[in-house]
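What follows is a single structure, written as structure tokens, with notes after it.
The residues of the chain are indexed from 1 along the displayed sequence. Values in this document were obtained by computation on a predicted structure and should not be read as measured data.
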Amino acid sequence: MKMMRALKRQDPAVTHAAVDMLCSLMQPMHDNFDLRTEQLNKASLLSSEKFLTSLLEILKMHSDRGTGALIVSALLDFLTFSLCAPYSETTDGKHFDSLLKMVADLGRTIFKLFQHPSMAIVKGAGMLMKAIIEEAEVEDSHRMQELALAEGALVRHLHTAMFTQSADNRMLTHRQLSRHLVGLWTTGHPTAQALLRRMLPRGLIIYLESDDEVPEKEQDRMHVRDNVQAAKTLHRSKQGSLKQVEAFLTHWKSRFHSKKQQ
């Protein structure tokens with residue numbers, strides 16, 4: 001209730017603070033997080049369709065108006081922690097499918113974010129687009145491929161994927177994401193593939209159609225969290241704590257018996 005009242009105030013500072021607080025529940029910004037607690041928080045926050053609809057309406061409003069960059073960035077973080085790997089591994093399957101469908105229905109609103117001057121917002125929109133094409137229904141994925149052509153997003157990201165040269169980790173992450181998106185937008189889409197054939201030299205097209213295995217030398221800059229490793233680390237830390245408690249109790253018992261014998 002307090003969260004809904006904060007959002008209904010339509011105060012940019014209050015809205016950003018509220019969404020930022022939601023993000024801290026979805027994905028704690030520290031190393032000692034608990035995956036079970038994260039699952040329970042997501043199950044609670046994503047269970048209300050009305051609440052999620054209100055968040056997406058705020059995102060659509062600011063995207064269409066070109067305002068509220070901090071609010072848009074925070075909302076994209078919220079959606080990323082819900083729908084995008086590796087954070088989506090702790091999201092309930094039913095909630096994941098429902099929210100993904102709602103985000104896919106935004107359509108052109110997501111593509112408008114690709115034109116934003118903030119690299120963080122462009123990355124967030126790209127991560128959502130990646131999740132939609134990979135995980136949503138076939139109709140939604142195909143519609144996103146069509147919109148990528150209609151909005152010029154395919155050409156924009158193709159340029160980023162091919163010509164970005166930088167030592168900045170943010171730019172390299174953006175380049176890697178653009179390469180994934182170009183592949184997703186063109187796979188199984190004859191119109192997009194025909195566009196690439198007209199744009200690229202014939203020799204390069206022949207090279208791209210080769211059956212040779214693609215060398216995997218680039219560092220993965222998008223999937224920055226390993227949930228399996230985090231669970232193992234948490235398990236080891238709990239075992240270590242139990243051993244410390246057992247050792248303490250053992251020493252305490254030994255001291256008690258020695259005093260009793262004396």
Side-chain angles (χ1 to χ4, degrees), residues 1-30 33-114 116 118 120-137 139-141 143-144 147 225 227:
M1 291 295 294
K2 291 183 178 180
M3 179 62 63
M4 292 301 297
R5 286 201 297 267
L7 295 176
K8 288 180 179 179
R9 293 184 56 156
Q10 297 184 355
D11 184 293
V14 175
T15 301
H16 174 260
V19 178
D20 193 49
M21 187 271 291
L22 292 176
C23 292
S24 66
L25 295 175
M26 299 284 285
Q27 167 59 27
M29 298 303 173
H30 54 79
F33 58 88
D34 182 31
L35 294 178
R36 180 56 181 167
T37 302
E38 185 177 313
Q39 285 179 316
L40 294 175
N41 288 343
K42 286 185 176 182
S44 177
L45 293 174
L46 302 180
S47 60
S48 173
E49 185 174 342
K50 181 179 179 181
F51 174 65
L52 296 177
T53 300
S54 65
L55 293 180
L56 294 180
E57 287 176 351
I58 295 174
L59 176 63
K60 178 176 174 58
M61 178 188 69
H62 286 292
S63 176
D64 294 342
R65 295 179 180 178
T67 58
L70 291 177
I71 297 175
V72 171
S73 180
L75 287 170
L76 289 176
D77 286 342
F78 178 86
L79 296 175
T80 298
F81 297 148
S82 304
L83 302 175
C84 302
Y87 312 105
S88 60
E89 294 175 1
T90 54
T91 303
D92 180 75
K94 182 179 179 181
H95 296 156
F96 177 90
D97 294 336
S98 175
L99 180 57
L100 188 65
K101 176 62 178 176
M102 296 169 66
V103 174
D105 289 341
L106 291 176
R108 294 181 183 271
T109 297
I110 301 177
F111 284 92
K112 289 182 180 179
L113 298 177
F114 285 129
H116 202 280
S118 170
I121 290 178
V122 174
K123 177 188 174 184
M127 294 292 288
L128 287 181
M129 182 61 59
K130 181 174 178 290
I132 292 172
I133 297 180
E134 290 180 342
E135 304 291 346
E137 297 293 334
E139 295 78 8
D140 292 325
S141 300
R143 183 162 58 92
M144 291 299 164
L147 287 174
R225 191 179 80 165
N227 288 329

(message) Given 3.5 Å as the limit, does a donor-acceptor pair link the side chain of N41 with the main chain of L25, or not?
(response) yes
(request) Starting at CG of L46, measure out to OG1 of T91 and round the result to the nearest 0.5 Å. (result) 6.0 Å
(request) Mind checking the CG-OG spacing from L59 to S54? Nearest 0.5 Å is all I need. (result) 11.5 Å
(message) I need the H116 NE2 to L76 CG distance, nearest 0.5 Å.
(response) 9.5 Å
(message) If the threshold is 4.0 Å, N to carboxylate O, is there a salt bridge linking K42 and E38?
(response) yes
(request) State whether the number of non-hydrogen atoms from other residues, nucleotides or ligands found under 6.0 Å of E134 atom CD is greater than 12. (result) yes
(request) Begin from the C-alpha positions of L147 and I110 and carry the test side chain to side chain contact (heavy atoms under 4.5 Å, CB included) through to its verdict. (result) CA-CA 10 Å; L147 287 174; I110 301 177; over 6 Å; no
(request) Evaluate side chain to side chain contact (heavy atoms under 4.5 Å, CB included) for M26 paired with S82, printing each intermediate quantity in order. (result) CA-CA 8 Å; M26 299 284 285; S82 304; 2.7 Å; yes
(request) Work out which heavy atom in F81 is nearest to a heavy atom in Y87; give both atom names and the distance. (result) O-CB, 3.4 Å
(message) Once rounded to the nearest 0.5 Å, what's the spacing between atom CD1 of I121 and atom CG of D77?
(response) 9.5 Å
(request) Work out which heavy atom in A74 is nearest to a heavy atom in H16; give both atom names and the distance. (result) CB-CD2, 4.1 Å
(message) If I compare all heavy atoms of S141 with all of A136, which pair ends up nearest, and what's the gap?
(response) OG-O, 3.9 Å
(message) So, using salt bridge (Lys or Arg N to Asp or Glu O under 4.0 Å) as the criterion, who are the partners of K101 when residues are at least two apart?
(response) D105, D140
(request) Can you see which heavy atom on L113 is nearest to which on A125, and at what distance? (result) CB-CB, 3.7 Å
(message) I need the D20 CG to I71 CD1 distance, nearest 0.5 Å.
(response) 11.5 Å
(message) According to side chain to side chain donor-acceptor pair (under 3.5 Å), who are the partners of K112, at least two apart in sequence or on a separate chain?
(response) D64
(request) Give a yes or no on whether the backbone of L40 and the side-chain of S44 come within a donor-acceptor separation of less than 3.5 Å. (result) no
(message) Quick one, L99 with L79, criterion side chain to side chain contact (heavy atoms under 4.5 Å, CB included). Give me CA distance, side-chain angles, the key distance, then yes/no.
(response) CA-CA 9 Å; L99 180 57; L79 296 175; 4.1 Å; yes
(request) Of all the heavy-atom pairs spanning L7 and F51, show the shortest one and how long it is. (result) CD1-CE1, 4.0 Å
(message) Looking at S73 and A69, would you say the former's side chain and the latter's main chain have a donor-acceptor pair under 3.5 Å?
(response) no
(request) Please say whether more than 12 non-hydrogen atoms of neighbouring residues, nucleotides or ligands are located less than 6.0 Å from CD in Q39. (result) yes
(request) Measure from the side-chain N and O atoms of S63 to the backbone N and O of T109, and report whether any donor-acceptor pair falls under 3.5 Å. (result) yes
(message) Quick check for you: to the nearest 0.5 Å, what is the distance between T80 atom OG1 and M127 atom CE?
(response) 6.0 Å
